[in-house]
Amino acid sequence: QVQLVESGGGLVQPGGSLRLSCAASGFTLAYVAIGWFRQAPGKEREGVSCISSSDGSTYYADSVKGRFTISRDNAENTVYLQMSSLKPEDTAVYYCATDWSLTCTVVAALQNYWGQGTQVTVSS
């Protein structure tokens, strides 16, 4: 069965770190671009980061650039999002998704398949 499952969310203090995982079942992650998106209460779902399958190039939203790092472990069929220097405005449900393309689009409306999401809360 085709499935994406996020994990690794939790409660952290400002300045802390978390690593999110996006594990795939039923297909090979290495062959598609995977994006990370987030949605805070009352706000639209926004693109955070993406990693392509064509050349491994990455994308980061300006709001997270320099603090978040996306990576891929093909042996584990998993994409990770390492989040550092977390801020309260990073609080959201984080989702991974794909549109089955080789390259990144980072547009929520264009994604065809989503995980269930994992909650990240940054608070003191």
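By the rule that hydrophobic residues join a cluster once side-chain heavy atoms approach within less than 4.5 Å of another member, Leu81 and Leu4 end up as members of one cluster. Under a hydrophobic clustering in which Ile, Leu, Val, Met, Phe, Trp and Tyr are joined whenever their side-chain heavy atoms come within less than 4.5 Å, directly or via other members, Val48 and Ile70 fall into the same cluster. By the criterion of side-chain heavy atoms lying less than 4.5 angstrom apart, applied directly or through intervening Ile, Leu, Val, Met, Phe, Trp or Tyr residues, Trp36 is not grouped with Tyr59; the two fall into different hydrophobic clusters. In the hydrophobic clustering of this structure, Val106 does not group with Phe68; members are Ile, Leu, Val, Met, Phe, Trp, Tyr whose side-chain heavy atoms approach within less than 4.5 Å, directly or through other members. No continuous path of ILVMFWY side-chain contacts below 4.5 Å connects Val120 to Phe37, so the two sit in separate hydrophobic clusters.
Within the 3.5 Å criterion, the main-chain N or O of Val2 finds a donor-acceptor partner in the side chain of Tyr113. Of the possible donor and acceptor atoms, one in the side chain of Arg72 sits under 3.5 Å from a partner among the backbone N and O of Ser52. Looking at Thr121, its side chain never comes within 3.5 Å of a backbone N or O of Thr91 through a donor-acceptor pair. In this structure a side-chain-to-backbone donor-acceptor pair under 3.5 Å is present from Glu6 to Cys96.
Judged as a ring pair (Phe, Tyr, Trp, His ring centres under 6.0 Å), and not counting sequence neighbours, the contacts of Phe27 are Trp100. Considering only residues two or more places apart in sequence or on other chains, Arg67 meets the salt bridge (charged side-chain N to carboxylate O under 4.0 Å, His left out) condition with Asp90. Among residues two or more places apart in sequence or in another chain, the side chain to side chain donor-acceptor pair (under 3.5 Å) test is passed with Ser53 by none.
When all heavy atoms of Tyr95 and Gly115 are compared, the pair lying nearest together is CD2-O, 3.7 Å. Between Val107 and Gln111 the shortest heavy-atom distance is O-NE2, 3.1 Å. Leu20 and Gly9 make their closest contact through CD2-N, 3.6 Å (heavy atoms, listed as atom of the first residue, atom of the second, distance). Shortest non-hydrogen contact noted between Leu18 and Leu86 is N-CD1, 4.0 Å. For the pair Gln119 and Ala92, the tightest heavy-atom approach, listed with the atom from each and the gap, is NE2-O, 3.4 Å. Smallest separation of non-hydrogen atoms from Cys22 and Leu29: O-CD1, 3.6 Å.
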Task: From CA spacing to verdict: side-chain contact (heavy atoms from CB on, under 4.5 Å), Ser17, Gln82 - done: CA-CA 8 Å; Ser17 300; Gln82 178 67 49; 4.0 Å; yes
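In this structure, CZ on Arg38 lies 13.0 Å from CZ on Arg45, to the nearest 0.5 angstrom. Ile51 contributes atom CD1, which lies 9.5 Å from atom CD1 of Ile34 (distance to the nearest 0.5 angstrom). Taking CZ of Arg19 as the reference point, atom CE of Met83 lies at 11.5 Å (rounded to 0.5 Å).
Crowding of Glu89 atom CD: a count of heavy atoms from other residues, nucleotides or ligands under 6.0 Å exceeding 12.
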